[in-house]
Amino acid sequence: MAEIVSIIGITHNPFMPRLFQQAQQPPGAAKVKERIAMMREKLAAANPDVLVCIGNDHLHQFFMDNMPAFMIGKMDQYDGTFYDETREFGLPTCKLPGDVETSDAIMEGAFARGVDFSYSNELTIDHSIVVPMMFVRPEMDIPIVPILTNCIAPPMPRPRRCFEVGKAIRGAIDSLPTKKRIGVLVSGHLSLEIGGPKQFERKLQDPEFDANGVAWIENGDIDSAAKFCTPDRMMRAGNMTTGYLNFLMMMGVANSRKPSYAEGLDAGFPAIPFFSWDNGA
């Protein structure tokens, strides 16, 4: 059977790759790069054959005429990224290999567990997958299975549903009739503001939410997370804090087990999440 050999949760902040190339960097940048290097080493040590990459669309692939809650890609190769992300963030265009067989098997396994994925045979991925790959697997040589969520446009999936979908993904992977080593790479946010009045504040945007958000994952406490992560509370923490929902899906994939590493790093940016489950979960 397939084996999950690593789960990693990380930021997909699209400003960071270019920031890390500049001569002048914020004082906390060195800490962030240290943590990214640590996660890169963890993934390399796990040596996965396939990476299930969970992120969220940013009104690129999804829009108001067709807004699925959860989508899985089924392609031999994925293009990344979109023109506006190259223009605004300096992100490189790239091509990532896919694994259609594993995509199909996970989708079918999720169907059997009560999760009806939308799917796409014409999927372009944006920074929610490209940036984490730049950080932890810059070679971009491991075939991926991209899973995109709607964390942007209300109504969004509820916190407990995100967790349940993660558990269905885990069950599907555990039942795959293959000996493939599966890594899971998840991106999201703690408290975050984009385009609002708190965006450029050089401090944690909602320290209470950040501390709780890390603790829920550290303790496998989906009940508290589901109760606390109401749409209103997440919006008060920052208008893009809803990206945290991806980490509740990650918690489901991990079967609520405690991670090997959990941190919301205060490095003078909005808090930057780093989570990992080593040697499987």
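Since the model is a prediction, treat every value here as computed from it, not as a measurement.
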**OP:** May I have the step-by-step check of side-chain contact (heavy atoms from CB on, under 4.5 Å) for D206 and T241, ending in yes or no?
**Re:** CA-CA 10 Å; D206 190 324; T241 304; over 6 Å; no
Subject >> Step-by-step salt bridge (Lys or Arg N to Asp or Glu O under 4.0 Å) determination, D223 to K227 >> reply: CA-CA 6 Å; D223 290 335; K227 181 178 179 180; over 6 Å; no
Original post:
Run the salt bridge (Lys or Arg N to Asp or Glu O under 4.0 Å) check on E208 and R236 step by step: do they pass?
Top reply: CA-CA 11 Å; E208 179 191 18; R236 283 191 285 115; over 6 Å; no
**OP:** Carefully, step by step, assess D79 and T93 under the rule side-chain contact (heavy atoms from CB on, under 4.5 Å).
**Re:** CA-CA 7 Å; D79 289 328; T93 58; over 6 Å; no
Subject >> L148 vs L123, side-chain contact (heavy atoms from CB on, under 4.5 Å): CA-CA, chis, key distance, verdict >> reply: CA-CA 10 Å; L148 299 182; L123 182 63; 3.8 Å; yes
**OP:** Decide yes or no on side-chain contact (heavy atoms from CB on, under 4.5 Å) for I54 and V184, but give the supporting numbers first.
**Re:** CA-CA 8 Å; I54 298 173; V184 181; 4.3 Å; yes
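Note: F228 and F209 have tilted aromatic rings, judged against thresholds of 30 and 60 degrees for the angle between ring planes. Classified by interplanar angle (parallel below 30°, tilted 30° to 60°, perpendicular above 60°), the ring pair H189/H12 is perpendicular. Taking the six-membered ring where the residue is Trp, W277 and F275 present tilted rings, their angle falling between 30° and 60°.
No donor-acceptor distance shorter than 3.5 angstrom exists from the side chain of N150 to the backbone of P157, with no hydrogens or angles considered. Under the 3.5 Å distance criterion, the side-chain polar atoms of T242 are matched with a main-chain donor or acceptor of C151. Not one N or O on the side chain of Y244 forms a donor-acceptor pair closer than 3.5 Å with the backbone of M240. S260 places a side-chain N or O within 3.5 Å of a backbone atom of D278 that can act as its donor or acceptor partner. Side chain of E108 to backbone of A172: no donor-acceptor contact under 3.5 angstrom is found. When atom types are taken as modelled, the side chain of S103 and the backbone of G73 share a donor-acceptor pair closer than 3.5 angstrom.
Expressed to the nearest 0.5 Å, how far CZ of R113 lies from NZ of K167 amounts to 11.0 Å. Separation of atoms CD1 (I106) and CD1 (I72) is listed at 5.0 Å; rounding is to 0.5 Å. Here the CD1-CD1 distance, from I182 to I142, works out to 11.0 Å after rounding to the nearest 0.5 Å. One distance of note links OG1 of T149 with CZ of F62; it measures 7.5 Å at 0.5 Å rounding. Here CZ of F247 is found 12.0 Å from SG of C229. Values are rounded to the nearest 0.5 Å. Here the straight-line distance linking atom OH of Y83 with atom CD of E88 works out to 8.5 Å at 0.5 Å rounding.
The minimum heavy-atom distance between Q25 and L19, with the atom names listed, is CG-O, 3.5 Å. In this structure, T102 and L176 approach most closely via the heavy-atom pair CG2-CD1, 4.2 Å. R181 and A46 make their closest contact through NH2-O, 2.5 Å (heavy atoms, listed as atom of the first residue, atom of the second, distance). Nearest heavy-atom pair, D126 versus N56, reported as atom, atom and distance to 0.1 Å: OD1-O, 3.7 Å. Contact record, P146 with I129: CB-CD1, 3.6 Å, taken as the closest heavy-atom pair. The minimum heavy-atom distance linking S6 with L43 is given by the pair OG-CD1, 4.3 Å.
The same ILVMFWY cluster, assembled from side-chain heavy atoms under 4.5 Å apart, contains both F15 and F135. Note: the hydrophobic cluster containing I152 also contains I125 (ILVMFWY, side chain heavy atoms under 4.5 Å, direct or indirect links). Residues F111 and V100 do not share a hydrophobic cluster, defined by chaining ILVMFWY side chains whose heavy atoms lie under 4.5 Å apart. Under the 4.5 Å side-chain heavy-atom criterion for Ile, Leu, Val, Met, Phe, Trp and Tyr, V52 and Y119 are members of the same hydrophobic cluster. Connection of M71 to F82 is not established within any shared hydrophobic cluster, with ILVMFWY side chains joined at heavy-atom distances below 4.5 Å, either directly or through further cluster members.
Considering D84, T124, T81 in turn, D84 is the only one that fulfils the side chain to side chain donor-acceptor pair (under 3.5 Å) rule with H60. Of the candidates V50, L51, D99, I144 forms a side-chain contact (heavy atoms from CB on, under 4.5 Å) with just one, namely L51.
More than 12 heavy atoms of other residues, nucleotides or ligands shown are found within 6.0 angstrom of CG on D141. Around atom CD of Q22, more than 12 heavy atoms belonging to other residues, nucleotides or ligands sit under 6.0 Å away.
You'll find the side chain of E193 stays beyond 4.5 Å of the side chain of P270, heavy atoms only. M156 is not listed as a side-chain neighbour of C162, based on a closest heavy-atom distance of 4.5 Å or more. Side-chain contact check for I222 versus W216: every heavy-atom pair is 4.5 Å or farther apart. In this structure, the side chains of L185 and V136 come closer than 4.5 Å at one or more pairs of heavy atoms. Residues S128 and D57 form no side-chain contact, since every pair of their non-hydrogen atoms from C-beta on lies 4.5 Å or further apart. Residues M249 and V186 form no side-chain contact, since every pair of their non-hydrogen atoms from C-beta on lies 4.5 Å or further apart.
Shown here are the salt bridge (charged side-chain N to carboxylate O under 4.0 Å, His left out) partners of R35, two or more places apart in sequence or in another chain: E263. Annotation: ring pair (Phe, Tyr, Trp, His ring centres under 6.0 Å) contacts of Y261 (sequence neighbours excluded): none.
Salt-bridge check for E34 with K31: failed, with every basic side-chain N at 4.0 Å or more from each acidic carboxylate O.
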